[in-house]
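Naming convention: chains lettered A, B, ... in sequence-line order (proteins, then strands); numbering from 1 in each chain. The basis for the numbers below is simple: all heavy atoms, side chains too, and nothing from hydrogens, waters or symmetry mates.
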Number of protein chains: 2
Amino acid sequence: MKIKNYYKNLPHKTIERLSQYRRALMICLDNGKTHIFSHEIANIQHITSVQVRRDLMLIGYSGTLRKGYNIQDLIEVISHIIDDEEGIKVAVVGMGNLGRALMKYVRGKRHKLEVVAGFDTNEEKIGKEYKGVTCYSIDDLEKVIDELNIKLAILTVPAKYSTETAEKLVDAGIKGILNYTPKPIRVPEDVYLEEYDMITTLEKVAFYIKMHQEKEGE
Amino acid sequence: MKIKNYYKNLPHKTIERLSQYRRALMICLDNGKTHIFSHEIANIQHITSVQVRRDLMLIGYSGTLRKGYNIQDLIEVISHIIDDEEGIKVAVVGMGNLGRALMKYVRGKRHKLEVVAGFDTNEEKIGKEYKGVTCYSIDDLEKVIDELNIKLAILTVPAKYSTETAEKLVDAGIKGILNYTPKPIRVPEDVYLEEYDMITTLEKVAFYIKMHQEKEGE
DNA sequence: TTTTGCCTGTTATTTGCTTAACAATGTGCT
DNA sequence: AGCACATTGTTAAGCAAATAACAGGCAAAA
Ligand SMILES: NC(=O)c1ccc[n+]([C@@H]2O[C@H](COP(=O)([O-])OP(=O)(O)OC[C@H]3O[C@@H](n4cnc5c(N)ncnc54)[C@H](O)[C@@H]3O)[C@@H](O)[C@H]2O)c1
Ligand SMILES: NC(=O)c1ccc[n+]([C@@H]2O[C@H](COP(=O)([O-])OP(=O)(O)OC[C@H]3O[C@@H](n4cnc5c(N)ncnc54)[C@H](O)[C@@H]3O)[C@@H](O)[C@H]2O)c1
């Protein structure tokens with residue numbers, strides 16, 4: 001399993017960029033391009049060509065000298081690395097403003113990532129469909145997750161329910177959680193967790209605006 | 001201006017954590033706590049106490065031995081660092097599903113960060129209020145940004161308009177952009193840019209789920 | 001009063017990632 | 001053919017951040 005093993009050593013940041021390269025490449029392909037240079041990819045993503053080449057080196061993909069990389073090929077290689085063959089089923093947990101926006105947004109974006117269920121506690125939402133996806137009761141979490149083979153959950157419940165909902169998700173056998181709640185959650189080692197807090201990011205931007213202002217005023 | 005200067009050297013990650021510490025501390029304060037240990041903060045945030053102490057060292061705040069940190073004090077010190085005294089005015093550019101969710105979410109969360117305007121191209125949205133905030137035409141961008149003294153923009157327009165809208169924002173004098181569009185944008189050096197791509201994050205979680213599955217199957 | 005233990009604050013080490021440097025190579029031009 | 005050069009692929013250096021290691025000190029227990 002040599003091939004599989006070196007995936008493990010890919011830097012997290014490289015994984016992120018591969019996802020981005022692929023989307024950029026698909027657009028290029030649609031535009032009729034067949035080959036692309038590292039500096040072109042770099043330009044689209046606003047990074048350096050060195051970084052692109054380094055990432056591609058890490059996944060063992062080689063381009064042709066003076067012709068660049070074959071777009072079609074490269075898309076396939078990246079897909080083979082980051083996509084699961086069977087596809088990964090996704091649930092949105094908490095069908096509020098953000099949950100619904102995400103549901104609509106993600107649906108149909110990547111065919112290996114299918115949103116197949118929503119969950120909520122609100123009686124009015126339970127049983128309804130949103131963009132063709134059923135909203136289930138949180139009480140049926142375990143059953144539905146098992147039946148629909150859901151592996152990934154996007155957590156968008158109110159912050160005060162983050163912890164308990166995360167626990168339910170883990171107990172139900174979820175393998176990865178994307179937490180958009182401002183409250184950090186804890187998961188066992190075999191569950192992959194990614195957290196993103198918008199208020200933090202907003203405050204960070206505000207801080208650097210403030211700092212820049214002060215620097216100018218000196 | 002010694003004080004101001006060392007803010008410049010604070011690691012980006014420390015800034016992010018300060019924002020999070022503060023929110024956690026405010027909750028503790030509400031609960032009647034007056035002092036807190038580094039390991040308690042660490043527990044809430046699911047990080048190590050060393051990291052907490054190191055961050056606090058960097059901002060030059062000292063606790064009391066065996067009593068920990070004075071919560072009220074610490075909140076003030078952090079606020080003094082990351083908050084702008086005048087407050088920073090924010091605009092949401094692109095009042096779609098995500099834009100509206102964010103508008104509602106951010107409003108009133110932090111009183112030094114006020115969302116004061118929305119912008120859109122859709123005639124039906126222009127002139128309407130959402131959560132008490134007016135949605136202006138993108139054609140009035142420069143005027144409104146100037147009049148309301150808006151410094152920070154959250155970009156939530158469709159990806160194909162990211163680039164042109166970013167340019168408009170920069171021209172209008174915006175000092176910081178938070179780009180939630182999947183298309184990377186480019187800004188001059190004096191504009192602070194933060195980008196976040198949800199699909200990338202989702203694919204990353206999916207990748208690690210897949211990898212973990214394969215490791216098990218060996 | 002001494003000792004133990006708990007907590008802070010600081011310095012040193014390690015890790016992960018980015019950037020720089022450069023060797024290798026085939027293409028087109030002269 | 002031979003030279004100039006754009007472009008790839010790899011190794012080395014540099015940076016930022018996290019973690020580890022540890023010194024210092026006070027409070028309570030013995
Ligand atoms: N709206 C945003 O733009 C935004 C941005 C960043 C983060 N967030 C975070 O996302 C979360 C949701 O935000 P929102 O604006 O969509 O809030 P919301 O109130 O619109 O939605 C919350 C939804 O979760 C449901 N819910 C409540 N308790 C539940 C439980 N125990 N299990 C399952 N579902 C439950 C509610 O019925 C509701 O439908 C919050 O934690 C918020 O901090 C929101
Ligand atoms: N919805 C989500 O959950 C989500 C998540 C991540 C990223 N995004 C990104 O955020 C952006 C918006 O997503 P959405 O789901 O809200 O889409 P949407 O179509 O609901 O909203 C887009 C809004 O922008 C307005 N608009 C169009 N052109 C404009 C212009 N030139 N200037 C100003 N406004 C303009 C439209 O009238 C509409 O109101 C997209 O780039 C999307 O990729 C959305």
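One atom, CD1 of B:Ile59, and another, P of C:dT8, lie 14 Å apart when rounded to the nearest Å. Look at OH on A:Tyr61: it is 9 Å from P on D:dG9, rounded to the nearest Å. If you measure from atom CD1 of A:Ile15 to atom P of C:dC17, you get 10 Å, rounded to the nearest angstrom. Between A:Leu10 atom CG and C:dC17 atom C1' the separation is 13 Å, expressed in whole Å. Here the C1' atom of nucleotide D:dA16 and the CG atom of B:Leu58 are 12 Å apart, to the nearest Å. For A:Arg17 and C:dC17, the CZ to P distance is 9 Å, given to the nearest whole Å.
A salt bridge does not link B:Asp55 to B:Lys13: none of the charged side-chain nitrogens sits closer than 4.0 Å to a carboxylate oxygen.
Residues of residues 184-195 of chain B having a heavy atom closer than 4.0 Å to DNA chain D: none are found. Against DNA chain D, the stretch residues 35-57 of chain A makes heavy-atom approaches under 4.0 Å through A:Phe37, A:Ser38, A:His39, A:Arg53, A:Arg54, A:Met57.
Among the atoms of the strands shown, none is found under 4.0 Å from any heavy atom of B:Thr14.
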message = I'd like to know whether B:Arg23 forms a side-chain hydrogen bond (donor to acceptor under 3.5 Å, both in side chains) with A:Thr200, so could you lay out the CA-CA distance, the side-chain angles of the two residues, the decisive distance to 0.1 Å, and finally the verdict.
response = CA-CA 10 Å; B:Arg23 264 174 294 155; A:Thr200 294; 2.6 Å; yes
task = Assess whether side-chain hydrogen bond (donor to acceptor under 3.5 Å, both in side chains) is satisfied between A:Lys204 and B:Ser19, documenting all intermediate values.
result = CA-CA 8 Å; A:Lys204 186 179 173 190; B:Ser19 156; over 6 Å; no
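Rounded to the nearest 0.5 angstrom, B:Lys131 NZ and B:Tyr105 OH are separated by 15.0 Å.
With A:Asp83 contributing its side chain and A:Glu85 its backbone, the two residues share no donor-acceptor pair below 3.5 Å. Using a distance-only test at 3.5 Å, with no hydrogens or angles considered, no donor-acceptor pair links the side chain of A:His212 to the main chain of B:Val191.
The side chain to side chain contact (heavy atoms under 4.5 Å, CB included) check on B:Asn97 picks up A:Ala101, A:Lys104, B:Arg100, with sequence neighbours excluded.
No option in A:Val92, A:Leu98, A:Val157 other than A:Leu98 meets the side chain to side chain contact (heavy atoms under 4.5 Å, CB included) test with A:Tyr180.
Among pairs with a residue in residues 32-44 of chain A, those fulfilling side-chain hydrogen bond (donor to acceptor under 3.5 Å, both in side chains) read A:Lys33-A:Glu40, A:Ser38-A:Arg53, at least two apart in sequence or across chains. For residues 109-119 of chain B, the side-chain hydrogen bond (donor to acceptor under 3.5 Å, both in side chains) pairs, not counting sequence neighbours, are A:Glu203-B:Arg110.
The closest side-chain heavy-atom distance from A:Thr201 to A:Ile199 is not below 4.5 Å.
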Which protein N or O atoms sit under 3.5 Å from an N or O of nucleotides 27-30 of chain C?
{"residue": "C:dT27", "atom": "O4'", "partner": "A:Arg66", "partner atom": "NE", "Å": "3.4"}

